[in-house]
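To start, the structure itself, in structure tokens.
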Amino acid sequence: MSIVEHRSAKSIVKGVWTHSLSILTMFSFPYQVTVALHRMRGVKIGKKSHVARGVILDDRNPDLITIGNGVAITSGVMILCHQRDLTNYKPGMYAMQCPFKEGPVVIKDGAHIGIGSIIMPGVTIGEGAVIGAGSVVTRDIPPYCVAVGAPCKPIKYFGKG
């Protein structure tokens, strides 16, 4: 993940644009319109993927999100590509003084993300993986498994084919 400390005027304008489109996704119908709006924001979304209304895809770096083919992302999911880097955080500081670290999120073909889950920066979710409702994904999830919890961990594996 890279560390980012400040934003240029160009990136601020881009942020306003992506956030405005993000707001529109909350009211779009059918889901194909929601997908199209997220693509306009820079999110890479494969064929036959479903992104429900009420999904929050990182406003700061939507272009760092890649969603494969046939993926289902259910309502209330948050996918983040940035978080505070607390490496140098110490008493007397405010957490907001720490820079952001950024990392891509990749969701492979056929994965299913359960309602209300949170996907953190720098994570890859494997092909055909199923993320249980309310999970917090902080590290890579292997293909063809069910993973649940906070932090999210695989609890069942499926043979491919």
Side-chain angles (χ1 to χ4, degrees), residues 1-4 15 18-19 21-23 25-26 28-89 95-96 98-161:
M1 284 195 264
S2 63
I3 305 292
V4 176
T18 60
H19 186 67
L21 289 173
S22 181
I23 291 169
T25 67
M26 299 298 177
S28 60
F29 181 81
Y31 80 88
Q32 291 92 339
V33 174
T34 306
V35 167
L37 289 168
H38 282 304
R39 284 180 176 142
M40 289 172 62
R41 297 177 60 230
V43 179
K44 295 170 273 312
I45 303 175
K47 297 175 183 173
K48 298 183 180 179
S49 287
H50 178 102
V51 179
R53 282 188 312 262
V55 170
I56 298 172
L57 302 181
D58 196 282
D59 271 348
R60 187 177 179 96
N61 304 292
D63 54 314
L64 292 180
I65 300 171
T66 302
I67 299 168
N69 297 317
V71 171
I73 301 177
T74 59
S75 191
V77 168
M78 294 177 66
I79 299 177
L80 304 172
C81 294
H82 72 283
Q83 69 185 68
R84 294 283 175 191
D85 179 12
L86 301 177
T87 303
N88 296 315
Y89 187 55
M96 286 183 46
C98 297
F100 285 113
K101 60 182 176 180
E102 301 174 338
V105 170
V106 177
I107 302 174
K108 302 277 184 150
D109 296 348
H112 180 96
I113 313 299
I115 194 165
S117 294
I118 300 171
I119 314 299
M120 297 302 290
V123 167
T124 296
I125 296 174
E127 180 180 356
V130 176
I131 306 300
S135 295
V136 179
V137 183
T138 59
R139 61 180 167 215
D140 292 352
I141 300 297
Y144 294 97
C145 73
V146 174
V148 299
C152 190
K153 296 178 183 170
I155 60 166
K156 180 175 179 148
Y157 292 90
F158 300 96
K160 191 172 180 180

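These numbers come from a predicted model, not from an experiment.
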Say whether, by atom type as modelled, one donor and one acceptor occur between the side chain of R41 and the main chain of D58 under 3.5 angstrom. yes
A side-chain contact here means heavy atoms from C-beta on lying under 4.5 Å apart; do I79 and I73 qualify? yes
With ring-ring contact (aromatic ring centres under 6.0 Å, His included) as the rule and sequence neighbours excluded, what pairs involving residues 57-89 come up? H82-F100
If I compare all heavy atoms of C81 with all of I65, which pair ends up nearest, and what's the gap? SG-CG1, 3.4 Å
To the closest 0.5 Å, what do you measure between CE (M78) and CE (M120)? 8.5 Å
Any chance you could measure I107, atom CD1, to I141, atom CD1, to the nearest 0.5 Å? 11.0 Å
Is it the case that the side chain of S117 and the backbone of V136 share a donor-acceptor pair, with hydrogens and angles ignored and the cut-off at 3.5 Å? no
To the nearest 0.5 Å, atom CD1 of I67 lies from atom CG of D109 at 11.5 Å
Could you report the tightest heavy-atom contact between P154 and C145, atom names first, then the distance? CB-SG, 4.0 Å
If you look at every heavy atom in T18 and P62, which pair is closest and at what distance? CG2-CG, 3.9 Å
So CD1 of I131 and CD1 of I118: to nearest 0.5 Å the spacing works out to 13.0 Å
Distance (rounded to the nearest 0.5 Å) between E102 CD and Q83 CD: 10.5 Å
Which pairs pass salt bridge (Lys or Arg N to Asp or Glu O under 4.0 Å) with one or both residues in residues 132-146, sequence neighbours excluded? none
Just jot down the side chain to side chain contact (heavy atoms under 4.5 Å, CB included) partners of M26, sequence neighbours excluded, or say none. I56
Enumerate the ring-ring contact (aromatic ring centres under 6.0 Å, His included) contacts for residues 54-76, please, sequence neighbours excluded, ordered by first and then second residue. none
Partners meeting side chain to side chain contact (heavy atoms under 4.5 Å, CB included) with V33 (sequence neighbours left out): S28, P30, L37
Inter- and intrachain pairs under salt bridge (Lys or Arg N to Asp or Glu O under 4.0 Å), touching residues 110-126, at least two apart: none
Rounded to the nearest 0.5 Å, how far apart are CG of L80 and CG of L57? 9.5 Å
Within residues 62-74 or reaching into it, pairs that qualify as salt bridge (Lys or Arg N to Asp or Glu O under 4.0 Å) - sequence neighbours excluded: K14-D63
When you measure from the side chain of T25 to the backbone of T34, do you find a donor-acceptor pair of N or O atoms at a distance under 3.5 Å? no
For G126 and A111, the nearest pair of non-hydrogen atoms, with its separation, is O-CB, 4.0 Å
Search all heavy atoms of V77 against all heavy atoms of G114 and return the closest pair with its distance. CG2-O, 3.4 Å
With sequence neighbours excluded, give me every ring-ring contact (aromatic ring centres under 6.0 Å, His included) pair touching residues 102-137. none
If you take all heavy atoms of A147 and S135, which pair is closest and at what distance? O-OG, 3.9 Å
Output every pair passing side chain to side chain donor-acceptor pair (under 3.5 Å) with a member in residues 43-54, not counting sequence neighbours, ordered by first then second residue. none
